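So the structure is just underneath, and the comments pick up after that.
Throughout, protein chains are lettered first and strands after them, A, B, ... in sequence-line order, and every chain is numbered starting at 1. These numbers come from a predicted model, not from an experiment.
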2 protein chains.
Amino acid sequence: MHLPSINGKLEIRMTFGTGVAMEMGDEVFDAIEMEIAIFMRRAEAVRLAGLSGIELDRSAYLLLRYLERKGPVGIKALADELQLDISTASRQTAALESKGYVERMADPQDARVSLLRITDGVPAMLTEVRRSRKEFYAKLLNEWPEEDCRKLGELLGKFNRTAEQRQRRRG
Amino acid sequence: MHLPSINGKLEIRMTFGTGVAMEMGDEVFDAIEMEIAIFMRRAEAVRLAGLSGIELDRSAYLLLRYLERKGPVGIKALADELQLDISTASRQTAALESKGYVERMADPQDARVSLLRITDGVPAMLTEVRRSRKEFYAKLLNEWPEEDCRKLGELLGKFNRTAEQRQRRRG
DNA sequence: ATGTTAAGGTTGTATCATGCAACCGATGAT
DNA sequence: ATCATCGGTTGCATGATACAACCTTAACAT
C-alpha cells in the first residue's frame with residue numbers, strides 16, 4: 001500500500017454483495033470498540049496538554065464555531081445543534097460571555113430568548129485556534145501517508161454524521 | 001454514495017503525486033481537526049447513554065482490561081501504562097476495589113507497592129461488556145460497507161499507536 | 001380575557017475523569 | 001545512619017456533563 005509510484009496511483013476497488021451490510025466479521029468491531037475507548041483517553045490527554053496557546057477548550061471551541069457559522073441563535077437552538085443539555089449550553093455560554101467572547105441581545109420576536117452572538121475578535125481567534133490544532137495534528141501525523149490522513153478525517157466525519165443522525169432519530 | 005446497485009460496486013479513483021508525503025494539503029487537517037473535536041463529544045454522549053447494561057465506565061474498562069492482560073501490577077506501572085496520573089489511577093483502583101473487581105496483595109519484594117489483581121468474575125464481565133459495546137457499534141454502523149468499518153478501526157488504532165509513541169518520547 | 005400548558009433559560013446539586021501538590025512510609029545509595 | 005527517591009494516598013481544583021426545580025414569557029383553548 002502506498003507505493004511510491006512516480007506519476008500517479010490508480011486504485012481499483014470492487015465490492016460484491018447486496019450493497020447492504022451482509023454479516024460483517026466480528027473482528028472488525030473488536031478493533032473499533034477497543035480503539036475508540038483508547039482514542040477517547042488519548043484525546044482527553046491532548047486536551048489537557050493544552051493544544052493551543054489560546055485557552056479555548058473543546059466545548060467552547062465547538063460552541064463558538066457554531067455561532068460563527070449560524071449567526072445569532074438562542075440557547076435552545078444551540079443546545080439542540082450541539083446535542084447538549086440546555087443547562088450545559090447555558091453554563092458554557094455564561095462562561096464565554098464572562099470572557100467577552102459572546103454577547104447577548106434580546107430577541108425582538110420572543111422575550112424569553114436571548115440571542116447569542118460572537119464578539120468581534122472571535123473569528124480571528126477561532127482561525128488561530130484552528131490553525132494551531134491543525135498544526136498539532138500535522139506534526140503528530142507527519143509520518144503518515146497522506147492517504148491515511150485523508151481517510152481518517154473522512155471516516156471520522158462519516159462516523160460523526162452517522163451518530164448524529166441516529167441520536168436525532170431517537171432523542 | 002453507497003448506491004443500492006444490485007450486483008456490486010466498481011470504484012475507480014486516481015491520485016497523482018509522488019506518493020510520499022510531500023507537503024500535504026492543509027484541508028486534510030481541517031477535516032481531522034474538526035472531526036476529532038466532534039468525535040470526542042459524540043463519544044462522550046455515548047458514554048453517558050450507558051453503553052452496556054453492566055455499569056463499567058470507559059476508564060474502569062481500560063484499567064481492568066489492562067490488569068486482565070498484564071497480571072498483577074502496582075499502581076505506578078498501571079498509571080504509566082495507561083498514561084494517567086498516579087493519583088487518578090489510585091482513585092480508580094480504589095473505586096474498583098470497593099466494587100469488588102480488584103484485590104490488592106502485598107508485593108513480597110517491596111512493601112511500598114500493593115499489587116493489583118482482578119477478581120474471579122471480572123474476565124467474564126469484561127467479555128460481556130466487550131460484546132455489548134461491539135454490538136452497539138455494529139448497530140450504529142450497520143449501513144456502512146465493511147471496508148469502511150475495517151479501515152476506521154485500523155486508522156484509529158494507528159492513530160493511537162502514533163500518539164502513544166509520541167507521548168512516551170516526551171513524557 | 002383568563003387560566004392552563006408549554007417553551008426558553010438559569011441555578012442547585014451530583015457525577016465522573018482528571019491533575020497537581022502535599023504528604024506518608026518504605027527503599028536504597030552514600 | 002541519613003537523606004533523597006519512589007510508590008501510593010488524599011485534599012483541592014477544574015471541566016464537562018446531566019437532571020430536576022424553578023422562573024418568566026408565550027401560546028392556546030375555552
Side-chain angles (χ1 to χ4, degrees), chain A residues 37-51 55-64 72-99 102-116 167 171, chain B residues 37-51 55-64 72-99 102-116 167 171:
Chain A
I38 296 174
F39 185 83
M40 296 280 301
R41 281 249 28 260
R42 260 288 58 74
E44 193 68 10
V46 163
R47 175 174 79 76
L48 294 162
L51 243 184
E55 192 44 63
L56 196 57
D57 46 59
R58 186 177 80 244
S59 36
Y61 176 58
L62 291 173
L63 199 158
L64 291 176
V73 292
I75 301 260
K76 179 63 177 359
L78 191 63
D80 282 354
E81 178 63 23
L82 302 181
Q83 294 180 211
L84 281 173
D85 191 88
I86 294 191
S87 68
T88 303
S90 173
R91 279 180 230 277
Q92 279 179 6
T93 303
L96 290 174
E97 193 186 6
S98 81
K99 282 181 191 159
V102 161
E103 283 171 348
R104 288 164 194 266
M105 33 186 283
D107 182 338
Q109 264 73 54
D110 187 336
R112 288 173 302 181
V113 331
S114 52
L115 295 173
L116 307 172
Q167 186 162 325
Chain B
I38 296 174
F39 186 83
M40 297 279 300
R41 281 253 22 263
R42 263 282 64 71
E44 193 67 10
V46 163
R47 175 176 76 79
L48 293 162
L51 246 184
E55 193 45 63
L56 196 57
D57 47 58
R58 188 177 77 244
S59 35
Y61 176 58
L62 290 173
L63 199 157
L64 292 176
V73 292
I75 301 261
K76 178 65 177 357
L78 189 64
D80 282 353
E81 177 64 24
L82 302 181
Q83 294 181 215
L84 281 174
D85 191 88
I86 293 190
S87 67
T88 303
S90 172
R91 279 181 231 278
Q92 279 178 5
T93 303
L96 291 173
E97 192 186 6
S98 82
K99 282 180 191 157
V102 161
E103 284 171 348
R104 289 164 194 266
M105 35 187 280
D107 182 338
Q109 265 70 56
D110 186 337
R112 288 172 303 181
V113 329
S114 51
L115 295 172
L116 307 172
Q167 186 163 323

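Of all the heavy atoms in B:A89 and B:I75, the pair that sits closest is CB-CG2, 4.0 Å. Between B:R41 and A:L62, the shortest heavy-atom contact is CG-CD1, 3.5 Å. Minimum heavy-atom separation, B:L84 to B:Q92: CD1-OE1, 3.8 Å. The nearest pair of heavy atoms linking A:G74 to A:L116 is C-CD1, 4.5 Å.
For the atom pair B:I38 CD1 and A:Y61 OH, the distance stands at 9.0 Å (nearest 0.5 Å). Atoms OG1 and CG, from B:T88 and B:L78 in turn, are 11.0 Å apart once rounded to the nearest 0.5 Å.
Between B:L115 and A:A60, the one whose closest nucleotide on DNA chain D sits nearer the 5' end is B:L115. For A:R91 and A:V113, each mapped to the nucleotide of DNA chain C holding its nearest heavy atom, the one lying further toward the 5' end belongs to A:V113.
Remark: C1' of D:dA16 and CE of A:M40 are 11 Å apart, rounded to the nearest angstrom. Computed from coordinates, the A:I86 CD1 to D:dA21 C1' distance equals 14 Å when rounded to whole Å. The NZ-P distance, from A:K99 to D:dT14, rounds to 12 Å in whole Å. B:D85 has its CG atom 14 Å from the P atom of C:dA22, to the nearest Å. Remark: P of D:dG15 and CG of A:L96 are 12 Å apart, rounded to the nearest angstrom. Atom pair B:L63:CG and C:dC16:P shows a separation of 15 Å (rounding to whole Å applied). Note: CG (B:L62) to P (C:dA17) measures 11 Å, nearest angstrom. Atom CG in A:D80 sits roughly 12 Å away from atom P in D:dA18 (whole-Å rounding).
In the region residues 103-111 of chain A, proximity to DNA chain C at under 4.0 angstrom, judged on heavy atoms, holds for A:R104.
Residue B:S90 places no side-chain N or O under 4.0 Å from the OP1 or OP2 atom of D:dG8.
Between D:dT9, C:dA17, D:dT17, one nucleotide has an atom nearer to the side chain of B:Q92 than all others, and that is C:dA17.
Among A:Q109, A:M105, A:E103, the one residue that satisfies the side-chain contact (heavy atoms from CB on, under 4.5 Å) test with A:L115 is A:M105.
With the end axes of the helix from C:dA1-D:dT30 to C:dT30-D:dA1 each set by five pairs, the angle from one to the other reads 0° at 10° resolution.
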Item to complete: Carefully, step by step, assess A:K76 and A:V113 under the rule side-chain contact (heavy atoms from CB on, under 4.5 Å).
Response: CA-CA 8 Å; A:K76 179 63 177 359; A:V113 331; over 6 Å; no
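The base of D:dC19 is paired with the side chain of A:S87 by a donor and an acceptor separated by under 3.5 Å. Side-chain atoms of A:R112 and base atoms of D:dA26 include no donor and acceptor less than 3.5 Å apart.
Contacts of B:S59 with the nucleic acid, taken as non-hydrogen atoms under 4.0 Å apart, involve only primed sugar atoms and P, OP1 or OP2. Backbone-only contact: B:I75 has heavy atoms under 4.0 Å from sugar-phosphate atoms and none from a base.
Within the 4.5 Å cutoff, side-chain heavy atoms of B:L64 are placed close to those of B:V102.
Every side-chain hydrogen bond (donor to acceptor under 3.5 Å, both in side chains) that B:R104 has, sequence neighbours left out, goes to B:E97, B:S114.
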